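Here the structure is a predicted model, which is why all the values come from computation and not from measurement. In what follows, chains are A, B, ... by sequence order, proteins preceding strands, each numbered from 1. Note that these values count all heavy atoms, side chains included, but never hydrogens, waters or copies made by symmetry.
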There are 2 protein chains.
Amino acid sequence: MTYTIQQISTMFGLSHPTLRYYEEIGLLPPVARNSGKQRVYTEEHINRLRAIECFKDAELSIAKMQDFFRYEENLTENIDPILLLVQEQETELSQRIETLQKALSHIQHKVRYYDGIKKAMEANTAWPRWEDC
Amino acid sequence: MTYTIQQISTMFGLSHPTLRYYEEIGLLPPVARNSGKQRVYTEEHINRLRAIECFKDAELSIAKMQDFFRYEENLTENIDPILLLVQEQETELSQRIETLQKALSHIQHKVRYYDGIKKAMEANTAWPRWEDC
DNA sequence: TCTTGCATTCAAGTATACTTGAAGTGTTAT
DNA sequence: ATAACACTTCAAGTATACTTGAATGCAAGA
């Protein structure tokens with residue numbers, strides 16, 4: 001089964017230029033062409049794009065994705081660097097989540113605070129005061 | 001109490017150029033100068049920088065911080081937009097945390113997988129196979 | 001055949017958030 | 001006084017991840 005750039009674009013929500021850009025920087029494997037020089041994508045590209053989607057969610061930079069895919073091509077040689085790469089990403093990601101959770105509770109505090117003020121303004125009563133967090 | 005750019009820089013881990021940049025774009029209130037034209041920061045700047053720190057953790061863009069601080073100056077007029085701003089950030093942030101948590105479990109899966117391979121290579125036993133997530 | 005439309009290349013531009021460089025001024029220690 | 005260092009301005013550069021524009025090519029339907 002093969003796919004056009006249009007189909008891939010729709011499938012993954014990526015623009016044509018973005019797909020060509022990924023190919024240009026080697027994030028996608030080379031894409032074959034049909035008689036009219038148009039790109040013909042295969043399952044290989046679908047799988048790679050699924051991996052890219054997942055890594056993007058995990059906030060991996062394009063450079064690290066490139067490393068990852070390079071390592072994966074010769075896993076026996078590169079088991080140490082690839083393991084390190086995913087372990088580091090695991091650490092970064094869990095720290096990031098922790099930071100975001102703290103920030104979320106700050107923001108939620110602010111939501112309650114400004115909502116209290118709005119209610120007080122509407123009811124013409126005294127404003128709540130800011131409780132430090 | 002007043003502070004030099006050096007003290008503020010150390011306190012918040014921001015470079016001198018970054019502090020001047022924040023001032024230039026109006027993220028910091030205007031900074032007074034001493035006889036030698038050097039910046040003199042006050043508690044007002046410390047408080048603002050603490051707020052900026054918190055918003056940065058919450059992934060607020062500089063543009064939104066600018067909006068926030070502008071709204072805060074006249075809260076009575078701007079209670080609706082400021083409430084909207086923090087509510088939107090709350091929503092975005094919790095969605096972001098959810099995405100990151102899913103991504104984290106993908107990455108943890110990969111860590112276990114590649115660690116299994118490494119162990120198998122060392123023990124010269126069969127490689128584990130990839131279990132799809 | 002002609003037009004419409006999708007596809008192509010390649011270079012240049014965009015957004016965000018800073019950083020770096022050059023050149024000069026002011027302050028402090030010896 | 002003089003060196004060393006901190007601070008100043010202003011413009012230009014950087015990194016990441018794309019996007020946009022201009023010019024051209026091919027292919028299929030009216």
Of the listed nucleotides (D/dT9, D/dC18, C/dT9), which one gets closest to any side-chain atom of A/I62? D/dC18

Which nucleotide, C/dT19, D/dC7, C/dT8, lies nearest any side-chain atom of B/I5? D/dC7

Just checking, any donor-acceptor pair under 3.5 angstrom between side chains of B/Y114 and A/E72? yes

Interatomic spacing from CE in A/M11 to CZ in A/R50 - rounded to 0.5 Å: 9.0 Å

For DNA chain C, whose closest nucleotide is more 5', that of B/L14 or that of A/R33? A/R33

Would you indicate which nucleotide in D/dC18, C/dT8, D/dT8 comes nearest to any side-chain atom of A/T18? D/dC18

If each of A/G36 and A/Y21 is mapped to the nucleotide of DNA chain D with the nearest heavy atom, which maps nearer the 5' terminus, i.e. the 5' end? A/Y21

Checking C/dT27, C/dT19, C/dT8 against the side chain of A/Q38 (C-beta onward), the nearest is C/dT8

Can you tell me the distance, in whole Å, between the CG atom of A/L27 and the C1' atom of D/dT16? 13 Å

Walk me through it: do B/R70 and B/D67 pass the test salt bridge (charged side-chain N to carboxylate O under 4.0 Å, His left out)? CA-CA 5 Å; B/R70 242 186 323 101; B/D67 288 345; 2.5 Å; yes

Spacing of A/I8 atom CD1 relative to C/dT8 atom P, expressed in whole Å: 12 Å

Starting from C1' on C/dC18, measure out to CZ on B/F12 and report it in whole angstrom. 18 Å

Against the side chain of B/K56, the closest entry in C/dT8, C/dT27, C/dC18 is C/dC18

Give me the ring orientation class for B/F68 and B/F55: parallel if the planes are under 30° apart, tilted from 30 to 60°, perpendicular past 60°. perpendicular

Starting at the 5' end of DNA chain C and moving along, which residue's nearest nucleotide shows up first, B/S61 or B/N34? B/S61

Judged by modelled atom types alone, do B/E43 and B/Y3 share a side-chain donor-acceptor pair under 3.5 Å? yes

For the residue pair B/Q6 / B/T10, report whether a side-chain donor-acceptor contact shorter than 3.5 Å exists. yes

Atom CD of B/E59 to atom P of C/dT16: distance rounded to whole Å? 15 Å

Which is true for A/R20 with a 4.0 Å heavy-atom rule: it touches a base, it touches only sugar-phosphate, or it touches nothing? base

Between B/R39 and D/dT8, is there a side-chain N or O to OP1/OP2 distance below 4.0 Å? yes

For a quick test of reading the model: is some side-chain N or O of B/H16 closer than 4.0 Å to OP1 or OP2 of D/dA6? no

Could you state the CD-P distance from A/E24 to C/dC10, rounded to the nearest angstrom? 9 Å

By nearest-nucleotide position on DNA chain D, the 5'-leaning member of A/K37 and A/Y22 is A/Y22

Please state whether the phosphate of C/dT20, meaning OP1 or OP2, lies under 4.0 angstrom from any side-chain nitrogen or oxygen of B/S15. no

Counting side-chain heavy atoms from CB outward, which of C/dA7, C/dT8, D/dC7 is closest to B/T4? D/dC7

Could you give the CD1-to-P distance, from A/I52 to D/dA17, as a whole number of Å? 12 Å

Rounded to whole Å, the OH-C1' distance (A/Y41 to C/dT8) equals 11 Å

Winner on side-chain proximity to B/Q6, out of D/dA27, D/dC7, C/dA17, is D/dC7

Whole-Å distance, B/E23 CD to D/dC7 P, equals 14 Å

